[in-house]
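Residue numbers begin at 1 in each chain, while the letters A, B, ... track the order of the sequences.
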There are 2 protein chains.
Amino acid sequence: MEPGYSNVTEPVEKAEVSGHFHGRCHTVNSVLTRIGDKWSVLTVMLLAEGPCRFNELKRRIGDVSQRMLTLTLRGLERDGLVKRTVYPTIPPRVDYELTDLGHSLRQPVEALGNWAFEHHDRIAKARAAYDRSAGEI
Amino acid sequence: MEPGYSNVTEPVEKAEVSGHFHGRCHTVNSVLTRIGDKWSVLTVMLLAEGPCRFNELKRRIGDVSQRMLTLTLRGLERDGLVKRTVYPTIPPRVDYELTDLGHSLRQPVEALGNWAFEHHDRIAKARAAYDRSAGEI
DNA sequence: CAGTATCCTCCCAGATACTG
DNA sequence: CAGTATCTGGGAGGATACTG
């Protein structure tokens, strides 16, 4: 059994009922836990520039293991964010590219990225201050 | 330990992206892994409505363990997103509230939430289709 | 009430080896 | 090249008990 995607919580289906608060938060959370893993955002952002083969993707990301890149891509493919195209040549060639859905994710993700950029020194300082006062005790 | 990684023979086709791009992605990713955990977003969104005590927060979230809520709040406090105020009464009372920084996070998070809401049935269908065709094999 | 402290379990990432 | 298969440890998160 692969630990990657098959037993991930199934939040999307549960988005039932209620413009209620919890339903909404649960949905937000499901997206965040989906793309909040170690490699998904990086992968999506790289694919945003255009289709890419497996190993090229691996090289460009840098320190991802083969296994994790595979799992990440499978997860993204499963959710319809990435399309996988196999060319049955020898050696085999597989292209990955964003679907329309995948592209639509860029906007909100970049919004979050902008927030991160605008505030990451404030966060760093808050963190340092917190650690300092915690260390004093 | 062993740096034995492939810094050997790197043709590097699209290397011009790596500097700025990776830094940016790393920052995005750090934020996502920070708030992408199981309870942070839920907590922030609840606190967005106003200050709240520990146990009330716990009740409203519902199925969070005491330990995890504590850890979540400590993490948010450490990053300067949440302010913790202790009233040394008996019994003790502790209020949690969003800082300005915490409030500023609402916008991009809600953007992502909106994306999730707009697309979650497409995702669910993609997922179902993927699982179906995977199950056939 | 608002936490610590401890234990425990299962999941997940990484490493490694093999394959069509 | 683009994957699977398998093993392993480390850590996230839950349960429980105790405390100021």
Rounded distance in Å - CG (D95(A)) to C1' (dC1(D)): 12 Å
Looking at D100(B), I'd like to know if its CG atom is crowded, meaning that more than 12 non-hydrogen atoms belonging to other residues, nucleotides or ligands lie closer than 6.0 Å. no
Transitive ILVMFWY side-chain link L73(B) to Y87(B), under 4.5 Å: no
Does a side-chain heavy-atom distance below 4.5 Å link V94(A) with T85(A)? no
Of the candidates dA2(D), dG3(C), dG13(D), the side chain of V94(B) sits closest to dG3(C)
Rounded to the nearest Å, what distance is computed from the CG atom of residue L73(A) to the C1' atom of nucleotide dG3(D)? 11 Å
Please determine whether a side-chain nitrogen or oxygen atom of R93(A) lies at a distance below 4.0 Å from atom OP1 or OP2 of dG3(D). no
Rounded distance in Å - CG (L71(A)) to C1' (dA5(D)): 12 Å
Between NZ of K38(B) and C1' of dC12(C) the distance, given in whole Å, is 14 Å
Does Y130(A) share a hydrophobic cluster with L47(B), counting links as ILVMFWY side-chain heavy atoms below 4.5 Å and allowing steps through other members? no
More than 12 heavy atoms of other residues, nucleotides or ligands under 6.0 Å from NZ of K58(B): yes or no? yes
DNA chain C in dot-bracket form (Watson-Crick or G-U pairs under 3.5 Å, [ ] crossing, | inter-strand) is ||||||||||||||||||||
Under the rule for salt bridge (charged side-chain N to carboxylate O under 4.0 Å, His left out), what residues qualify as partners of R93(A), not counting sequence neighbours? D95(A)
Counting just side-chain N and O atoms, does Y96(B) come under 4.0 Å of either OP1 or OP2 of dG3(C)? yes
Taking the side chain as everything from C-beta on, heavy atoms only, tell me whether M68(B) gets closer than 4.5 Å to I61(B). no
OP1, OP2 of dC12(C) versus side-chain N and O of W39(A): anything below 4.0 Å? no
In numerical order, the residues of residues 44-68 of chain B whose heavy atoms come under 4.0 Å of DNA chain C are R53(B), F54(B), N55(B), Q66(B), R67(B)
Take atom CG of D121(A) as the centre, draw a 6.0 Å sphere, and report whether it contains more than 12 heavy atoms from other residues, nucleotides or ligands. yes
Integer-rounded Å distance: dC1(C) C1' and R84(B) CZ: 12 Å
Please report, rounded to the nearest Å, how far the P atom of dC12(C) is from the CG atom of L69(A). 18 Å
Between F54(B) and I90(B), is there a shared hydrophobic cluster once you connect ILVMFWY residues whose side-chain heavy atoms come closer than 4.5 Å? no
How long is the line joining CZ of R74(B) and P of dG13(D), in whole Å? 16 Å
